[in-house]
Undergrad: 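Here's a structure for you.
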2 protein chains.
Amino acid sequence: MSLKHAILGFLNISPLSGYDLWKMFNSTVNNYWTATNTQIYRTLSELAEENMVWYEVIQQEGVPNKKLYHLTQEGKEELISWLRTPLELPSIRHKLLVQISFSNLLEDEEIIAILETYMKNIKEKLNSYKHGNQEEYLSFASSERERFLWKMVLKNGIGFYEFELKWLKESIEEFKKMEKIKT
Amino acid sequence: MSLKHAILGFLNISPLSGYDLWKMFNSTVNNYWTATNTQIYRTLSELAEENMVWYEVIQQEGVPNKKLYHLTQEGKEELISWLRTPLELPSIRHKLLVQISFSNLLEDEEIIAILETYMKNIKEKLNSYKHGNQEEYLSFASSERERFLWKMVLKNGIGFYEFELKWLKESIEEFKKMEKIKT
DNA sequence: GGACCCATGTAAATAGTTACATGATTGC
DNA sequence: GCAATCATGTAACTATTTACATGGGTCC
């Protein structure tokens with residue numbers, strides 16, 4: 001499970017509550033893994049049982065109390081050993097490609113509408129990426145080396161969406177060209 | 001669930017057995033959704049219960065009998081209505097990016113080793129994509145239009161891996177450059 | 001004789017989503 | 001007065017993976 005290790009990784013940088021972690025997993029810049037609050041709270045309980053993390057309850061006024069989670073030595077060792085394990089290529093799950101594969105059943109306009117809607121979504125995502133709080137996020141890096149690594153991750157995110165955008169643009173153009181020839 | 005719709009999509013093109021579908025989902029060219037045999041057989045049973053598909057048992061000699069699944073009218077309607085629904089951007093789950101984010105805990109050589117191993121995997125994947133049975137696959141298209149759509153999907157697959165490869169190359173280079181400055 | 005292909009599946013575990021619940025505080 | 005933020009969680013469901021089981025046929 002990568003969620004476990006992602007949580008251990010965040011806690012290694014600083015102690016956090018479940019709520020903090022949830023915000024992290026939902027911020028644009030940490031966009032390599034997503035998780036719902038349900039999943040995070042459950043996983044934190046599991047990690048606590050396995051002695052990978054421990055928590056202190058922070059009394060707060062006005063806002064609810066919170067559990068601040070810390071990494072244990074065991075957790076840190078588990079994290080490092082996972083970081084060292086080489087990864088297989090992940091299996092791809094791309095719903096849009098499934099739709100396109102079988103969309104010969106649809107009319108031209110319908111196909112174009114699907115592609116354009118998707119393109120709009122990607123453009124928005126790219127925008128929130130580029131005009132988001134990248135610099136702020138990078139400023140939390142503890143060293144030039146860490147900063148470099150985080151930048152590398154950001155570049156992958158942006159690059160991926162740019163690739164998708166380019167592919168969509170070209171595909172739509174070609175599709176429209178084909179349409180014209182036909183008529 | 002997209003697996004259900006992907007199966008309906010395949011069955012719309014031609015009747016298939018669970019085993020045939022399993023091979024499809026694991027072939028390089030149909031690389032936009034993966035599924036294990038377990039999942040496929042269970043989903044087929046569910047689809048049969050929902051009257052989206054029906055099957056005939058084909059008696060065979062030498063090899064075991066098989067169930068040949070066909071799409072029903074209901075299944076076809078469900079497929080078309082799903083094809084028309086616009087999709088949200090999928091949530092990303094990229095383990096390598098998780099590792100990189102936290103790999104400030106590792107030594108330089110370890111980081112490079114992880115990146116290079118991953119790069120090797122991608123190169124292999126790209127190779128099997130490019131020298132695979134693309135043309136054969138495309139020849140099953142029933143029309144120029146369907147062929148175009150399938151090509152579009154293939155281009156996305158290849159383009160994605162090429163992007164990842166480029167990103168890895170640049171990252172490794174830059175990382176090594178940084179190493180030199182430090183020493 | 002061992003590995004792999006054909007063809008089906010069950011059992012069990014893990015991972016992830018959706019909906020719901022609580023309750024005070026802050027801002028429009 | 002209503003929505004959003006902070007903060008925690010449960011229940012139920014859906015999706016996915018891993019391991020196991022069966023049994024004949026073919027290929028080296």
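Sequence lines set the chain letters: A, B, ... in the order given, protein chains first and strands last, and positions in each chain run from 1. Predicted, not measured: the structure shown is a model, and the values here were computed from it.
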Undergrad: Salt bridge or not between A:Glu56 and A:Lys66? Use side-chain N to carboxylate O under 4.0 Å.
TA: no

Undergrad: Which is true for A:Asn65 with a 4.0 Å heavy-atom rule: it touches a base, it touches only sugar-phosphate, or it touches nothing?
TA: sugar-phosphate

Undergrad: Assess whether a salt bridge exists between A:Glu135 and A:Lys130, defined as any Lys/Arg side-chain N lying under 4.0 Å from an Asp/Glu carboxylate O.
TA: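 Not counted as a salt bridge, because no side-chain N and carboxylate O are separated by less than 4.0 Å.
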
Undergrad: Check whether the ring centres of B:Phe25 and B:Trp33 lie less than 6.0 Å apart, and answer yes or no.
TA: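 Ring-ring flag for B:Phe25/B:Trp33: false, centres at least 6.0 Å apart.
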
Undergrad: Nearest-Å distance, NZ (A:Lys66) to C1' (D:dG9)?
TA: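 After rounding, the reported distance stands at 17 Å.
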
Undergrad: Measure the distance from CD1 on A:Ile58 to P on D:dA7 and round it to the nearest whole Å.
TA: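 The distance from CD1 of A:Ile58 to P of D:dA7 comes to 11 Å, rounded to the nearest Å.
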
Undergrad: Parallel, tilted or perpendicular: which fits the ring planes of A:Phe10 and B:Phe102, with parallel below 30° and perpendicular above 60°?
TA: perpendicular

Undergrad: Respond yes when some side-chain nitrogen or oxygen of A:Gln39 is under 4.0 Å from OP1 or OP2 of C:dT17, and no when none is.
TA: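 Result: yes.
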
Undergrad: Please work out which residues in residues 15-24 of chain B have a non-hydrogen atom less than 4.0 Å from an atom of DNA chain C and list them by number.
TA: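 Per residue number, the list reads B:Ser17, B:Gly18, B:Tyr19.
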
Undergrad: Looking at side-chain heavy atoms only, is the closest gap between A:Glu107 and B:Arg84 below 4.5 Å?
TA: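 Sidechains of B:Arg84 and A:Glu107: no contact.
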
Undergrad: Does C:dT8 have OP1 or OP2 under 4.0 Å away from a side-chain N or O of B:Tyr41?
TA: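 For C:dT8, OP1/OP2 do have a side-chain N/O of B:Tyr41 under 4.0 Å.
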
Undergrad: I need the CZ-P distance between B:Arg42 and D:dT18, as an integer number of Å.
TA: 14 Å

Undergrad: Take B:Val63 and A:Asn37, find for each the nucleotide of DNA chain D with the closest heavy atom, and name the residue whose nucleotide sits nearer the 5' end.
TA: A:Asn37

Undergrad: Between P on D:dC13 and NZ on B:Lys4, what's the gap in Å once rounded to a whole number?
TA: 15 Å

Undergrad: So, is B:Lys67 near the phosphate of C:dG9, with a side-chain N or O under 4.0 Å from OP1 or OP2?
TA: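 Affirmative; the distance criterion is met.
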
Undergrad: According to the interplanar angle, ranging from 0 to 90°, do the rings of B:Tyr55 and B:Tyr69 count as parallel (below 30°), tilted (30 to 60°) or perpendicular (above 60°)?
TA: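 Geometry flag for B:Tyr69 against B:Tyr55: tilted rings.
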
Undergrad: Taking the ring of B:Trp150 and the ring of B:Tyr137, is the distance between their centroids below 6.0 Å?
TA: yes

Undergrad: Measure the distance from NZ on A:Lys95 to P on C:dG16 and round it to the nearest whole Å.
TA: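 About 15 Å, once rounded to whole Å.
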
Undergrad: Expressed as a whole number of angstroms, how long is the span from B:Gln60:CD to C:dA7:C1'?
TA: 8 Å

Undergrad: So what is the end-to-end bend of the helix from C:dG1-D:dC28 to C:dC28-D:dG1, with 5 pairs used at each end and the value given to 10 degrees?
TA: 40°

Undergrad: Apply the side-chain contact (heavy atoms from CB on, under 4.5 Å) test between B:Leu71 and each candidate in B:Met52, B:Lys76, B:Glu78; give the one that qualifies.
TA: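 Testing B:Leu71 for a side-chain contact (heavy atoms from CB on, under 4.5 Å) against B:Met52, B:Lys76, B:Glu78 leaves exactly one candidate, B:Lys76.
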
Undergrad: Might you work through the salt bridge (Lys or Arg N to Asp or Glu O under 4.0 Å) test for A:Glu170 and B:Lys155, ending with a clear yes or no?
TA: CA-CA 11 Å; A:Glu170 287 172 7; B:Lys155 269 187 202 166; over 6 Å; no

Undergrad: What's the CG-C1' distance between B:Leu3 and C:dT17, to the nearest Å?
TA: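 Checked: the CG to C1' distance equals 17 Å.
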
Undergrad: Please give, in whole Å, the distance from C:dT18 P to A:Ile40 CD1?
TA: 14 Å

Undergrad: Taking only N and O in the side chain of B:Arg93, is any of them less than 4.0 Å away from OP1 or OP2 of D:dT16?
TA: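 Answer is no, no contact under 4.0 Å.
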
